[in-house]
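Before any comments, here is the structure.
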Amino acid sequence: MRLEEIINFRRSVRLYKDLPIDSEKVKHCIELATLAPNSSNMQLWEFYHITNPEILKELSAACFNQEAATTAQQMVVFVTRQDLYRKRAKKVLELETQNVLKNSPIEKHDGRIKKWKMYYGKVMPFLYVNFLGLLGIVRKVIVSIVGLFIATPYQVSESDMRVVAHKTCALAAQTFMLAMANESYDTCPMEGFDSRRVKSILKLPFGAEINMIVSCGIRDERGVWGDRMRIPFDEVYRKI
Ligand SMILES: Cc1cc2nc3c(=O)[nH]c(=O)nc-3n(C[C@H](O)[C@H](O)[C@H](O)COP(=O)(O)O)c2cc1C
């Protein structure tokens with residue numbers, strides 16, 4: 001399929017056939033999902049690929065027994081891991097340093113490595129560190145003062161940083177769903193779930209959040225609810 005055909009093929013499927021799907025192919029689609037663009041390349045995400053029938057049953061119940069869940073062959077839970085910011089920043093700094101050494105002219109090495117050290121060693125920890133919402137307020141005050149003099153990113157509160165992590169994770173989820181469509185597999189993104197129960201089933205730590213659960217299988221035609229409906233394009237398109 002061409003990209004446009006893949007985009008048209010993908011529908012939210014609420015009823016799957018009782019046919020198995022290849023978990024290696026699903027795993028490959030998750031690998032492709034990790035290539036999604038993501039904020040500062042921090043990759044504050046994890047992907048839980050559920051194939052165990054018992055866990056699928058428990059997750060379906062946590063998804064309020066929607067048919068998109070109860071008839072799914074497998075599920076992928078997209079999880080944000082803001083709490084891993086130090087570990088990820090360290091790893092990305094290592095990778096960026098190697099990248100500079102490999103791809104930049106030698107006279108630029110020191111300057112570029114210094115810049116990455118500043119970004120991943122200081123800026124990222126400053127933005128992601130959390131403490132009861134208070135550090136976000138401190139950040140807001142700082143950027144509001146800086147913003148009086150230069151263009152500044154204002155979205156730095158603790159809830160803003162949650163949005164950043166969820167945006168990134170949702171891009172991975174969409175990349176996954178398109179990759180699945182490319183395999184002629186179907187999916188349904190779900191936010192209808194009990195996040196506490198899902199976290200407990202997957203034994204996730206306190207700092208993890210569920211971004212989306214994507215059920216997977218092969219569509220039963222009754223699982224596609226009619227034609228695709230979108231607001232008329234003219235109402236949402238603004239050319240400037
Ligand atoms: C973040 C998100 C959460 C969603 N949650 C659910 C859900 O819990 N249950 C469901 O049946 N569909 C869910 N959907 C699917 C949407 O209803 C669907 O994408 C929309 O109606 C457009 O249809 P289409 O995906 O077939 O183009 C969700 C979609 C998104 C993006």
Side-chain angles (χ1 to χ4, degrees), residues 1-18 21 26 29-30 32-39 44-50 55-82 159-202 204 208-237:
M1 280 192 277
R2 290 170 47 241
L3 179 61
E4 192 165 339
E5 289 167 326
I6 292 169
I7 291 170
N8 280 313
F9 173 85
R10 187 213 60 78
R11 293 295 312 273
S12 293
V13 168
R14 276 64 177 238
L15 181 72
Y16 298 100
K17 286 186 176 158
D18 189 13
I21 56 173
V26 177
C29 293
I30 299 173
L32 293 176
T34 67
L35 302 183
N38 68 90
S39 182
L44 295 169
W45 54 29
E46 275 179 350
F47 312 99
Y48 289 76
H49 179 187
I50 319 298
I55 308 286
L56 282 171
K57 217 168 172 184
E58 286 180 45
L59 274 181
S60 297
C63 293
F64 316 127
N65 283 318
Q66 320 181 33
E67 275 193 314
T70 56
T71 65
Q73 294 288 325
Q74 299 181 21
M75 291 195 211
V76 180
V77 184
F78 289 79
V79 173
T80 66
R81 289 299 306 267
Q82 259 181 271
S159 56
D160 292 330
M161 297 315 291
R162 283 185 63 222
V163 172
V164 171
H166 280 272
K167 265 194 278 193
T168 271
C169 203
L171 289 173
Q174 172 67 348
T175 305
F176 169 72
M177 290 186 277
L178 293 178
M180 288 286 280
N182 187 46
E183 299 286 353
S184 301
Y185 283 168
D186 290 296
T187 52
C188 184
M190 293 180 290
E191 61 191 350
F193 52 75
D194 175 329
S195 58
R196 283 193 195 174
R197 284 189 164 75
V198 176
K199 278 181 76 169
S200 141
I201 294 165
L202 300 180
L204 295 177
E209 291 185 13
I210 313 297
N211 172 254
M212 218 180 290
I213 300 180
V214 178
S215 64
C216 311
I218 293 172
R219 73 180 69 179
D220 180 309
E221 285 308 326
R222 289 168 299 163
V224 178
W225 290 348
D227 294 337
R228 213 166 207 174
M229 287 178 302
R230 290 295 188 264
I231 305 292
F233 189 62
D234 283 352
E235 276 188 44
V236 295
Y237 175 72

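Count residues from 1 along the sequence. These numbers were taken from a predicted model, which means no experiment stands behind them. Whatever order the structure lists ligands and atoms in, that order sets their numbers, starting from 1.
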Heavy-atom pair of closest approach, residues Ala181 and Phe9: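 Scanning both residues completely, I find the closest heavy atoms to be CB-CD2, 3.6 Å.
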Phe176 versus Val214, closest heavy-atom pair with distance: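 Taking every non-hydrogen atom into account, CE2-CG1, 3.8 Å.
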Can you figure out which of Arg230, Arg228, Arg11 has its heavy atom closest to atom 22 (C) of ligand 1?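 When every heavy atom of Arg230, Arg228, Arg11 is considered, Arg230 comes closest to atom 22 (C) of ligand 1.
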Among Pro189, Cys63, Ala170, whose heavy atom sits nearest atom 6 (C) of ligand 1? Pro189
Taking heavy atoms and a distance under 4.0 Å, where does [X] meet ligand 1: side chain, backbone, both or neither?
X      : answer
Ser12  : both
Met229 : neither
Cys188 : side chain

Could you check whether any side-chain N or O of [X] sits under 3.5 Å from a backbone N or O of [Y], counting only pairs where one atom can act as donor and the other as acceptor?
X      : Y      : value
Thr168 : Ser39  : yes
Ser60  : Ala69  : yes
Glu235 : Pro232 : no
Gln74  : Ile21  : yes
Arg11  : Gly226 : yes

Protein heavy-atom partner closest to [atom] - residue, atom, separation in Å:
atom                    : answer
atom 9 (N) of ligand 1  : Gln66 OE1, 2.9 Å
atom 5 (N) of ligand 1  : Glu191 N, 3.0 Å
atom 11 (O) of ligand 1 : Arg14 NE, 2.8 Å

Would you say that Thr187 contacts Val13 through its side chain, given a criterion of any heavy-atom pair below 4.5 Å between the two side chains? no
Which ligand 1 atoms, with their elements, are less than 4.0 angstrom from a heavy-atom of Arg10?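 Near Arg10, meaning under 4.0 Å from one of its heavy atoms, ligand 1 has 24 (P), 25 (O), 27 (O).
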By number and element, which atoms of ligand 1 are closer than 4.0 Å to a non-hydrogen atom of Gly192? 8 (O)
Is at least one protein non-hydrogen atom found at under 4.0 angstrom from atom 15 (C) of ligand 1?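 Yes, because at least one protein heavy atom sits under 4.0 Å from atom 15 (C) of ligand 1.
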